[in-house]
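Taking it in order: structure first as structure tokens, then the write-up.
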Amino acid sequence: LDEKKRKQFIQRLYLALVELLKRFHYDWINNNIDKNKVMIVHFDRMMNDFDGLMNDIMIFIDKTPSEALLDDIKKTANQQKNFKSKHKYDLDKFGLTEEQIKNDCSIIYDTFLNNHEI
């Protein structure tokens with residue numbers, strides 16, 4: 001796409017994703033979602049405590065993992081702890097700034113991240 005159309009597409013996509021987050025947030029705080037059926041997972045926990053998180057997920061979904069699954073979880077946990085991403089997002093490339101995202105998604109951060117880093 002030409003640059004103008006690409007920027008328009010990215011801006012509309014961004015606004016649609018923010019709208020989805022806000023609608024989920026609205027439904028969450030207004031108890032339109034059965035919170036007993038939703039488990040919020042923070043990215044840092046997935047990367048730093050994968051095996052503990054998987055244990056909590058198994059409890060949440062009321063399943064007993066097989067030995068093979070437990071082995072896979074252990075392997076993945078070790079990989080996650082040693083993983084260093086070389087990928088960097090260039091927000092400017094998408095016409096966004098960190099401040100804009102934090103502002104547009106502030107209710108999400110306030111509700112779901114609690115004391116987690118933004």
Using distance only, find each side-chain donor-acceptor pair of residues 11-28 under 3.5 Å and give its atom names and separation, not counting sequence neighbours.
unit_1, atom_1, unit_2, atom_2, d
Y14, OH, D104, OD2, 2.6
E19, OE2, R23, NE, 2.9
H25, NE2, T111, OG1, 2.6
D27, OD1, N32, ND2, 3.1

Q: Please identify each residue that fulfils side-chain hydrogen bond (donor to acceptor under 3.5 Å, both in side chains) with Q79, with sequence neighbours left out.
A: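 Result, side-chain hydrogen bond (donor to acceptor under 3.5 Å, both in side chains) vs Q79: none returned.
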
**Q.** Residues which pass side-chain hydrogen bond (donor to acceptor under 3.5 Å, both in side chains) with K35, listed by chain and number, not counting sequence neighbours
**A.**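 K35 satisfies side-chain hydrogen bond (donor to acceptor under 3.5 Å, both in side chains) with N31 only.
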
Exercise: identify the closest heavy-atom pair between [X] and [Y]:
| X | Y | answer |
| --- | --- | --- |
| M46 | Q80 | O-NE2, 3.7 Å |
| D2 | K4 | OD1-N, 3.1 Å |
| T97 | L91 | C-CD1, 3.8 Å |
| H42 | L113 | CD2-CD2, 3.4 Å |

Q.
So K102 and E98, do their side chains get closer than 4.5 Å, heavy atoms only?
A.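 Heavy-atom side-chain distance check passes, below 4.5 Å.
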
Q: Please round to the nearest 0.5 Å and tell me the distance separating atom CZ of F112 and atom CD1 of I40.
A: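 F112 CZ to I40 CD1: 5.0 Å, rounded to 0.5 Å.
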
Name the atoms and distances for all side-chain donor-acceptor pairs under 3.5 Å in residues 49-59, with sequence neighbours left out.
unit_1, atom_1, unit_2, atom_2, d
D49, OD1, G52, N, 3.3
D49, OD2, R45, NE, 3.1
D49, OD2, R45, NH2, 3.4
D56, OD2, R45, NH1, 3.0
D56, OD2, R45, NH2, 2.6

Taking only residues two or more places apart in sequence or in another chain, which ones pass side-chain contact (heavy atoms from CB on, under 4.5 Å) with [X]?
| X | result |
| --- | --- |
| F60 | M39 |
| N36 | D34 |
| D90 | D92, K93 |

Q: Identify, with sequence neighbours excluded, every residue that meets ring pair (Phe, Tyr, Trp, His ring centres under 6.0 Å) alongside F9.
A: none

Sequence neighbours excluded and cut-off under 3.5 Å, please list the side-chain donor-acceptor pairs for residues 67-76, or say none.
unit_1, atom_1, unit_2, atom_2, d
T76, OG1, D72, O, 2.9

Q: List in chain and number order the residues that pass salt bridge (Lys or Arg N to Asp or Glu O under 4.0 Å) with E99, two or more places apart in sequence or in another chain; answer none if no residue qualifies.
A: none

